[in-house]
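Data block below; observations after.
One-based numbering, in listed order, for ligands and for the atoms of each.
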Amino acid sequence: MVSAGVNFGTESIRGTGIDLGEELQQLKRQRNAVILAHNYQVPELQDVADFVGDSLGLSYQAAKTDADVILFCGVHFMAETAKIINPAKRVILPDLDAGCSLSESCPSEKLAQFLKEHADKNYYVIAYINCSAGVKAQSDVICTSGNADKIVHAAPGDRNILFVPDQNLGAWVMERTGRKMDLWQGTCYVHVEFTARSIAKIREEYPDAPVVAHPECTYAVRMLADEVCSTEKMVTFCKESPAQEIIVVTEAGLLHRLHKEIPDKTFIPGPTDNCFCGECRFMKMNTLEKAYDALLNMEPEITLPEPVRKRAEAPILRMLELSK
Ligand code: 13P
Ligand code: SF4
């Protein structure tokens, strides 16, 4: 049971000395909910989550949970993915406006129009998971930064591939697999802020520190990195690297997990050329207060028209099967 006097939303909790994280845990048990959080979420949300990980890990967790409710602390496309593969569960997102610049770059109507205009290409569409359900519904298979090369390797050899929506991740996978693909011209507004100049400069300051970068970074930045990988693989890289100092070129939220799990090493956040903080404004829309209120009120809830959900489910399940 939620303690007396605190089940009226966070207004009744602020200033009372009540531990909101603990209240959220109680509410979670009451609702038979699971809390999933992405590596970029604010520390308070990572600390209350049952699982913290990258998009791929979160998809597997969403696929296997037997909870009735998923409180998804991430951005909209992540919670939507959880709903697509869990139609009978209630999926709650603390802030419904938590979007993604990559997802925005590829509206489903624009993709439909493009596919219509290029019907002669008979595209096999590979969609990076950072896209809407409407885009997933038009795709053959989904991928994440954690499994993109596996998914591209498995694509039929006799088909033209259209990769949407991230041009940088797409170019990186082309380099790794040798497979030619047509790339949608989307970008992550956070990762393109890192430049060759800013990374070269920090390398000079820390000559012994390896650079690990996310594949959403530009080619020029990826060229300067010792390792390019998903956020989950970054955690593994940092654990396994003999280096004491590591330069981490991705959204700043990952630093919390790195400090927590690898307290004896120093992590240097990848700098930019300007005063950009390296934080994704969408990821940071979720707060502990909003998460508590969302689970208390069971909204905002992710809902989808069933025909779209059904069509979007198949390429996600294909991905989960292929990347086992
Ligand atoms: P990961 O799947 O590597 O965690 O990346 C998700 C994302 O949104 C990167 O900006
Ligand atoms: Fe989207 Fe970039 Fe934010 Fe990831 S960091 S959610 S790709 S805008």
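- At least one side-chain heavy atom of D264 sits less than 4.5 Å from a side-chain heavy atom of I262.
- The side chain of C280, and not its backbone, has at least one atom closer than 4.0 Å to an atom of ligand 2 (non-hydrogen atoms only; side chain from C-beta on).
- At least one N/O/S atom of C188, from backbone or side chain, sits under 2.8 Å from atom 2 (Fe) of ligand 2.
- Each of the following atoms of ligand 1 lies closer than 4.0 Å to a heavy atom of E216: 7 (C), 9 (C), 10 (O).
- Using a 4.5 Å cut-off on side-chain heavy atoms (C-beta onward), S132 and E80 make contact.
- I302 places a side-chain heavy atom less than 4.5 Å from the side chain of L96.
- No N or O atom of N39 sits closer than 3.5 Å to an N or O atom of ligand 1.
- Every atom of ligand 1 with a heavy atom of D54 under 4.0 Å away is listed here by number and element: 1 (P), 2 (O), 4 (O).
- Taking a cutoff of 4.0 Å between a charged side-chain nitrogen and a carboxylate oxygen, D50 and K28 qualify as a salt bridge.
- Each of the atoms 3 (O) of ligand 1 lies under 4.0 Å from some heavy atom of S230.
- No heavy atom of E232 sits closer than 4.0 Å to any atom of ligand 1.
- Taking every heavy atom of L102 and a limit of under 4.0 angstrom, the matching atoms of ligand 2 come to 7 (S).
- Under a 4.0 angstrom heavy-atom cut-off, M234 registers as lying outside contact with ligand 1.
- We find that R309 and E313 are joined by a salt bridge, their nearest charged nitrogen and carboxylate oxygen being less than 4.0 Å apart.
- Evaluated for a side chain to side chain contact (heavy atoms under 4.5 Å, CB included) with H214, the options T231, V249, V248 yield exactly one hit, T231.
- Near H191, the atoms of ligand 1 lying under 4.0 angstrom from a non-hydrogen atom of the residue are 10 (O).
- For E251, the closest heavy-atom approach to ligand 1 does not fall below 4.0 Å.
- Judged by a 6.0 Å distance limit and a 45° cone about the ring axis, R281 is positioned over the six-membered ring of Y189.
- The closest approach between a heavy atom of T144 and any atom of ligand 1 is not below 4.0 Å.
- Contact atoms of ligand 2 toward N130: 7 (S) (distance under 4.0 Å to a heavy atom of the residue).
- Ion pairing of K233 with D54 is absent here, as no side-chain N (NZ or NE/NH1/NH2) approaches a carboxylate O to less than 4.0 Å.
- Scanning all protein heavy atoms for the shortest distance to atom 2 (O) of ligand 1 gives S55 OG, 2.8 Å.
- Less than 4.0 angstrom separates some heavy atom of H214 from each of these atoms of ligand 1: 1 (P), 3 (O), 5 (O), 9 (C).
- The existence of a salt bridge linking R29 and E22 is confirmed by a sub-4.0 Å separation between a basic side-chain nitrogen and an acidic carboxylate oxygen.
- Counting only heavy atoms of the protein, atom 1 (Fe) of ligand 2 lies nearest to C100 SG, 2.4 Å.
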- Stepwise side-chain contact (heavy atoms from CB on, under 4.5 Å) check, L322 with M319: CA-CA 5 Å; L322 283 172; M319 168 187 85; 5.8 Å; no
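- The list of ring-ring contact (aromatic ring centres under 6.0 Å, His included) pairs with a residue in residues 65-112, not counting sequence neighbours, is empty.
- Counting atoms of ligand 1 from 1 in the listed order, those under 4.0 Å from a heavy atom of S145 are 1 (P), 2 (O), 3 (O).
- At the top of the distance list for atom 8 (O) of ligand 1, counting protein heavy atoms only, stands N130 ND2, 3.3 Å.
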